[in-house]
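Structure first, commentary second.
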Amino acid sequence: MDQTSYRTLDAGGIRAFLAGLPAIATRLGGLAEQWQVREVSDGNLNNVFLITGPAGEVCLKQSLPHVRVDPSWKMPLDRTHFEAAWLCAIGPLVGGLTTEYLHFDPVLYVLVVESLSGHTVLRTALMQGADWPEVAPRIGMFVARACFGTSLLARPFEDVFDARRLFAANQALTRITLDLVFDDPYRDHPRNHWHDSALSPIVLDIRTSAATLLAVENLRRRFLSQPQALLHGDLHTGSIMSTADDTRVIDGEFALYGPIGFDCGMFVGNLVLHFFATPDLAARQAVLRDIDGFWRSFHAQFTALWNADDAPPPGTLRPLAYGPAAHVAQQAFMDEVMGDTIGFAAIEIIRRLIGYAHTADFDSITDPRLRATCRAGALAFAYYVLDHLADMRTIADFLSCLEENERKGLSIRA
Ligand code: SR1
Ligand code: MG
């Protein structure tokens, strides 16, 4: 393999690579030999490093030819290419709610971005008891701006179709989502696992409920056939880094054109996982507040952008009707996104409990019986939502159902 071919970089290789990028070398300052290279790989797929110099710090992410946590699971390298393209597409739209793009190398599949080492992964912060009421509304704003700005509502169809073609090639990661989120959990598959036998009867119920399976099929089809906007594609609480005052969405490697409610639902589903994993009443109330705050912020920002343009950019879909009819059509669209959000949230909860990729939320519960009860509560809630999806059309319905669970849960935990 010659020097122009892909190779997995170690600390020495990273120093040499960055030394060849004048803008980044200047940002780090000093000499390459002085730069500290620290591996911080945390996700399932890639190697991630923080590089610190006398003047500054950057974050470097490199695709591996396999899943990082399972080298036998081979994977094409192009995911950092799609993450770079996502970052360049949404960065100008979201007003500082993501990380700064610095460089992409198409041979090494290396992406260099601003370091966020002063921030904490939101899932970790929640598990540590952080209560940051502004974070969920910021994520609502992020999704609204990124989705509106990449949709037919803001751009000529020619631009949108070009972007759709680009991201339609992100097939390896879309396949992961299709299989791991929408398919494996609903049948026997060696990648599935769950820790507590208390979940087994609920898994059986899910897999034998016609209403639930039809809801999943419908959402699966919508995931692939409703290219409404450029999505993050994996917007769980591990894809968000935050402080109390500053929130950034990272890790857009799963980016694709899809239904806006998919990003909303992933975020809401992961908040619900935290709801069931925390023994603290105030923290559970904070989750209810955050889901409500997220949706209100998303809805307000998306409709404000939609209604703001007195003079829409040339080539975009100018309104043909104004007044009440237009309002009804807009409301119908937002309701559709809300219905998708609820369904995708339930699907995300299920796959995080019985599929391949679990989350750490429940690991902080030390009592095994309580941990099993909490996981079973989350799974039963998601099953209930999917089984009653036709009746659960609003975020208020969804929150009422969660509050009802809270009342029952109190007696279980006592
Ligand atoms: C093999 S990748 C498994 C999961 O990790 C990513 O973060 C996505 O959530 C994916 O489903
Ligand atoms: Mg990720």
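In listed order, ligands and their atoms are each counted from 1. Predicted model only: the values in this text are computed from it and were never measured.
- The pair Arg175-Asp179 counts as a salt bridge, with a side-chain nitrogen and a carboxylate oxygen less than 4.0 angstrom apart.
- Crowding of Asp188 atom CG: a count of heavy atoms from other residues, nucleotides or ligands under 6.0 Å not exceeding 12.
- In summary, the atoms of ligand 1 found under 4.0 Å from a heavy atom of His236, numbered by their order in the structure, are 7 (O).
- The protein heavy atom nearest to atom 5 (O) of ligand 1 is Asn44 ND2, 2.7 Å.
- Look at Asp234 and you'll find a heavy atom under 4.0 Å from some atom of ligand 1.
- Within ligand 1, counting atoms from 1 as listed, the ones closer than 4.0 Å to a heavy atom of Ala357 are 3 (C), 4 (C).
- Each of the following atoms of ligand 1 lies closer than 4.0 Å to a heavy atom of Arg352: 9 (O).
- No side-chain donor-acceptor contact under 3.5 Å links Glu39 to the backbone of Phe49.
- Taking every non-hydrogen atom of Phe254 and a distance limit under 4.0 Å, the qualifying atoms of ligand 1 come out as 6 (C), 8 (C), 10 (C).
- Side-chain atoms of Asn46 and Glu83 include no donor-acceptor pair closer than 3.5 Å.
- The closest approach between a heavy atom of Glu253 and any atom of ligand 1 is not below 4.0 Å.
- Taking the charged nitrogens against the carboxylate oxygens, Asp251 and Lys61 do have a contact shorter than 4.0 Å, which makes a salt bridge.
- Residue-level proximity to ligand 1 for Arg191 is absent, since no heavy atom of it falls below 4.0 angstrom.
- Within ligand 1, the atoms closer than 4.0 Å to a non-hydrogen atom of Trp73 are 1 (C), numbered from 1 in the order shown.
- Checked for salt-bridge contact, Arg187 and Asp183 meet the test: a charged N lies under 4.0 Å from a carboxylate O.
- Atoms of ligand 1 lying under 4.0 Å from any heavy atom of Arg351, numbered from 1 in the order shown and given with element: 9 (O), 10 (C), 11 (O).
- Taking the ring axis of Phe223 as reference, the NZ or CZ atom of Arg220 does not stay both within 45° of it and closer than 6.0 Å to the ring centre.
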